[in-house]
Every structure is written in structure tokens, then in C-alpha cells.
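Naming: A, B, ... by sequence-line order, numbering from 1 per chain.
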2 protein chains.
Amino acid sequence: MPDSAFGEIRDLPLFAAMTDVNFAALVRGAYVQTFPAQIELIAEGDPSDFLHIVLSGSVDLFASWNGREASLSTVRPISTFILAATVRDAPYLMSARTLEKSRIALIPSQDVRAVFDSDAGFARAVVTELAQCYRSVVKAQKDLKLRTSLERLANYLLRQQRRAGGAATFELEHEKRRLASVLGMTPENLSRAFKGLQPHGLAVEGARVTITDQAEFRRFARPSPLIDDATT
Amino acid sequence: MPDSAFGEIRDLPLFAAMTDVNFAALVRGAYVQTFPAQIELIAEGDPSDFLHIVLSGSVDLFASWNGREASLSTVRPISTFILAATVRDAPYLMSARTLEKSRIALIPSQDVRAVFDSDAGFARAVVTELAQCYRSVVKAQKDLKLRTSLERLANYLLRQQRRAGGAATFELEHEKRRLASVLGMTPENLSRAFKGLQPHGLAVEGARVTITDQAEFRRFARPSPLIDDATT
DNA sequence: CCTTCCGATTGATAAATGTCAAGGCCACGT
DNA sequence: ACGTGGCCTTGACATTTATCAATCGGAAGG
């Protein structure tokens, strides 16, 4: 197991505070693998054998019930997913699939739990990460319960704009039908929602989006730091 | 600060593993207070000064945006809330109000963070609690995104039935308009949803609910352990 | 160049949900 | 006993969202 492969995760906030010995114990049974796009990495209900870390590419977390399916979030480098299941040694609540070709590090869950018990620095980092994840879901919950689909789309676009650098014109990074699932609506409805935002200062052609009237668009979207800020 | 007041929280999983010294440090600046019903304990956006623990009664966690309001969850004894905000020293994402007369313990957030840094046992317990909270929100998210309002109500009733002991007849524990908010619908719609479940084996009179045909009702609700089990 | 395929879009329609207004029921206090 | 107020329910209606079917358009491959 070449150390080099894990150099990039050694500096993650999650692992930065732990001792070299414990980090070595953590990666001893770990491995890094490259997956093509659209591979299902885990299925909800499976036991949580590995903590996953996205090194490059991106991963879609989704869930199914009664024949329906919904995207819950997207994991981007460099961060972990299903940490909570690993910690609790409980089954996954979500399935995961690669959205594009992705490099994923897999660390055996039992090693995570073992090191977690012996390394206070690591335990602290896990708490911070978990609290972050928790707050993200709460924000998603508020987004879903308090906003109409038009408002959700508008605020999503503002977040995406910021992530893309803040310019008036930027690209959607997901295919639209997945975006629809993330936003909790059907693809058809998303199409109509894009049209519905035109009077509020939006222009769309394909995956290229332009906020033509930033002030009016924000007035409509009413973004809130308690829902839309990724950092807080 | 009488120790007796904190005896009941000493045995909580969250505090069980920590040393007496650290527990004492934690409760030194803490206090227990009894609040009447319908008191707003915290407001979203406030800095997280205290970790709250519900000792008796119950607390509603809710959020507002643009004049709308939605209940996100209910906290019952004995458990904490806004642990994540405390840990990250970040503003509350939700507001909290008492649903009934309640006894609440308040522990200064900075003490929690300090002890957390020095007591590995406590840190571990915090992780477990946080992971639990996280998984609860994910389940709520799945409930909301994958189910119609009728299905959400049906599964809520099954969960409530179990909590009430499993008998065919049981009582709703919330007033219906709050239940509506929890389930993500309007009170009017909840009324109609109750009627819509009658053909599937439900009878309602006031707050008294009877599942008249358990098999048919479950067939309609299709409960899933990955959404409806509180424990996993 | 043409075909094929897949996602996006559009229109028509149905279903679900929200809104508004009115009325019923029940507990409470006078 | 009688108002009174709060909550729940009901009905009519508007809005939102989903569904179904058809079409458009670009990308990949022959």
C-alpha cells in the first residue's frame, strides 16, 4: 500500500490532527480505486464496511422507495461520505453512484472506529465533520419545506453562480434531470421553472445560464445565510 | 449549583463515559430551568450560547423563511438539541419553542467545547449522538422527497402507533396543525389526508386514531426501516 | 451524410396541494 | 346557561406539480 496514494488525504481536516502511527493504522487496510461514471458504489441498506473519500470526480447520494428515487446530495473532492453510518456501524441510509470518472479512497470502517477510539484528535475532527454534514442536511430540509420549486431553483442558481466564480454567466454542472431530482421536482417541471424565472432576470440556453438582472433575481430568490451559505 | 439537579443527565449516554471532574466542569456554569408552554427558547440565527437538554416536557424545532414556517422535529426527554451548532460554534439553524411546560438544562457552549477537547470519552459520545441526529434528518429528508403527503401521514401513524405501545387505537400527541407542519402540509390538507386513509383501514375521531385493518394499512404505507426505524 | 439515441422541451391533461371563507365542535370562563 | 375563542373541518376554487405523449435537437456512431 504505497503511502503516496494517501498523501492527499493526510492533510484533510479530518486526518490532520491525528498521529502518524494512527494514520498509518487507518490506511493499512485502505485502498484507492478509480471508478468509471455511473457506477453504484454502495446501496442503501448495506452494512457500512468502508468509509469513502472522494479524491477526484463526484458522487451522487440518492435514495429509493417504492419505485421512486431522489438525489439527496452531491459529494465533491475532497470529502468523505457515509461517515455517520461508519461511526454508528449502521446500514447506509443512502446509495451512492459516481457521476463521472472518480478516484475514491476506501478505509475499512472497523479501522475508522478503532482509531477513533484511540486518537482524540481524530475523534474531534470527526465531530466537526459530522456536525457540518448535519447542518447541511438541515439546510436542505429547510430549503425543501419552506420554498416553492421556483424559489429553490432560484436559490440553487445563486449558490451555483457563487461556486462558479460569481460571473453573471455560468454553466450548470449537472444534467438537468438530475438537477430536477436534487431540487425535488420532475424534469418537465424544471424546464418550466427555468421559464418561470425569466421575468425575474434569468436567461438560459442549454447548460449556460445568465442572471441578467442580479438585483431583481436576488429580490425574488431571497437567499438566506441560514439556508444557502455552505460555510456556516 | 446543586448536583442533584444534574443527576438525571449524568447517566445520559452523552455524559456517561466522561470523568467526574469533567462532568463537574460541564455543569459548573449550567443551570436547569422550567419553562411554560409556547416559550421561544432560541431563535434561528442566534449564536449558540448554550447546549440545551430537555429533561421533561417537549420542544419543537422549527424554521422560518419569507413569512413561512415549518416544524422540523420534536425533541423529547431526555435528549439534547442544537448540539451541532454548539460544537461548531455556529449560529442556530432552527428556532426552538416549548410545546408544553418543560424542564430544560442549559450548559454553556464554551464549556461543552472545552471539555470536549479534554475528555476523549465525551468526544466519542458526542460523535455518536451527532451521527444519530444526522441520520434522523436524512430519514426525514427521504420521507419528504420520496413520499406523498398521504404516505407520509400513514407512515407517521405507524410510527406513532409503535411509540404508543402498538395497540390498534392510540392518541395523537400533537395538535393537528402542528402535525401538518411536521408532515409538510397545510392543516386543511391533513384533514383530507385523514379521510383519504379511511379506505385503507383508518378511523379517526378527534385525536383518537384507530387502525382498523393493520394489514391493509401497512400495505398502503409500505414502511421502510431505512426511513421509519428510529433506532437504526 | 444519415441514422439513432437520449435528454430536453412543449402541450394537454390529471392529480395533488394550497388558499380562502364559512361553519361546526368543544373547552373555557363568566 | 351562555357567550367566546381556538381549533378543526368542509367546500369551492386557484395554483402548483405530476403525468403522458409528442417533438425537438444535439452527439455518437455507422
Side-chain angles (χ1 to χ4, degrees), chain A residues 36-38 60 64-71 97 99-100 143-157 171-200 202-209 220-221, chain B residues 36-38 60 64-71 97 99-100 143-157 171-200 202-209 220-221:
Chain A
Q38 305 302 333
D60 180 34
S64 308
W65 179 80
N66 207 14
R68 282 162 248 172
E69 185 182 303
S71 284
R97 72 165 81 89
L99 287 167
E100 53 193 308
D143 191 46
L144 206 55
K145 273 197 156 178
L146 291 169
R147 288 171 169 163
T148 66
S149 60
L150 228 70
E151 291 162 345
R152 285 199 299 277
L153 174 58
N155 281 291
Y156 171 87
L157 291 174
E171 298 274 333
L172 298 175
E173 60 178 356
H174 300 305
E175 59 180 349
K176 288 186 182 173
R177 69 162 147 163
R178 214 182 73 79
L179 176 55
S181 180
V182 169
L183 294 174
M185 57 179 116
T186 58
E188 294 95 330
N189 228 328
L190 177 61
S191 263
R192 292 171 188 128
F194 272 119
K195 288 205 162 172
L197 288 179
Q198 285 175 14
H200 299 290
L202 184 76
V204 188
E205 44 177 297
R208 172 167 252 93
V209 169
F220 174 81
Chain B
Q38 305 301 333
D60 180 34
S64 308
W65 179 80
N66 207 14
R68 283 162 248 173
E69 183 182 305
S71 285
R97 72 164 80 89
L99 287 168
E100 53 192 310
D143 190 46
L144 207 54
K145 272 197 156 179
L146 291 168
R147 289 172 170 163
T148 66
S149 59
L150 229 71
E151 291 162 345
R152 285 200 299 280
L153 174 58
N155 282 290
Y156 171 86
L157 291 175
E171 298 273 332
L172 298 175
E173 60 178 358
H174 301 305
E175 59 181 349
K176 288 186 180 171
R177 71 163 148 161
R178 215 182 73 79
L179 176 55
S181 181
V182 168
L183 294 174
M185 58 178 114
T186 58
E188 294 94 329
N189 229 327
L190 177 61
S191 264
R192 290 170 190 127
F194 272 118
K195 287 205 164 173
L197 288 178
Q198 285 176 15
H200 299 290
L202 185 76
V204 189
E205 44 177 297
R208 171 168 252 90
V209 170
F220 174 81

For Glu175(A), report the nucleic acid contact type (base, sugar-phosphate, nothing); a contact means any heavy atom under 4.0 Å.
sugar-phosphate
Quick one: is Asn189(B) getting a side-chain N or O under 4.0 Å of the dT17(C) phosphate, OP1 or OP2?
no
Among dT17(D), dC8(D), dA21(C), which nucleotide sits nearest the side chain of Lys176(B)?
dC8(D)
Would you say that more than 12 heavy atoms from the other residues, nucleotides or ligands in this model lie under 6.0 Å from the CZ of Arg208(A), or not?
no
If we ignore hydrogens and angles and just use 3.5 Å, is the side chain of Lys176(B) paired with the main-chain N or O of Glu188(B) as donor and acceptor?
no
Of the options dA21(C), dT10(C), dT17(D), whose atoms approach the side-chain atoms of Thr148(A) most closely?
dT17(D)
Distance criterion of 3.5 Å, no angle test: do you see the side chain of Glu188(B) paired donor-to-acceptor with the base of dC8(D)?
no
Taken to the nearest 0.5 Å, the spacing of Asn189(A) CG from Phe194(A) CZ works out to 12.0 Å
Does the dT19(D) base have a donor-acceptor partner in the side chain of Arg192(A) within less than 3.5 Å?
yes
Examine dT9(D): is either OP1 or OP2 under 4.0 Å from a nitrogen or oxygen in the side chain of Lys195(B)? Give yes or no.
no
Is the number of heavy atoms from other residues, nucleotides or ligands within 6.0 Å of CD (Glu205(A)) greater than 12?
no
Taking dT19(D), dT10(D), dA8(C) as options, the one with an atom nearest any side-chain atom of Ser191(B) is dT10(D)
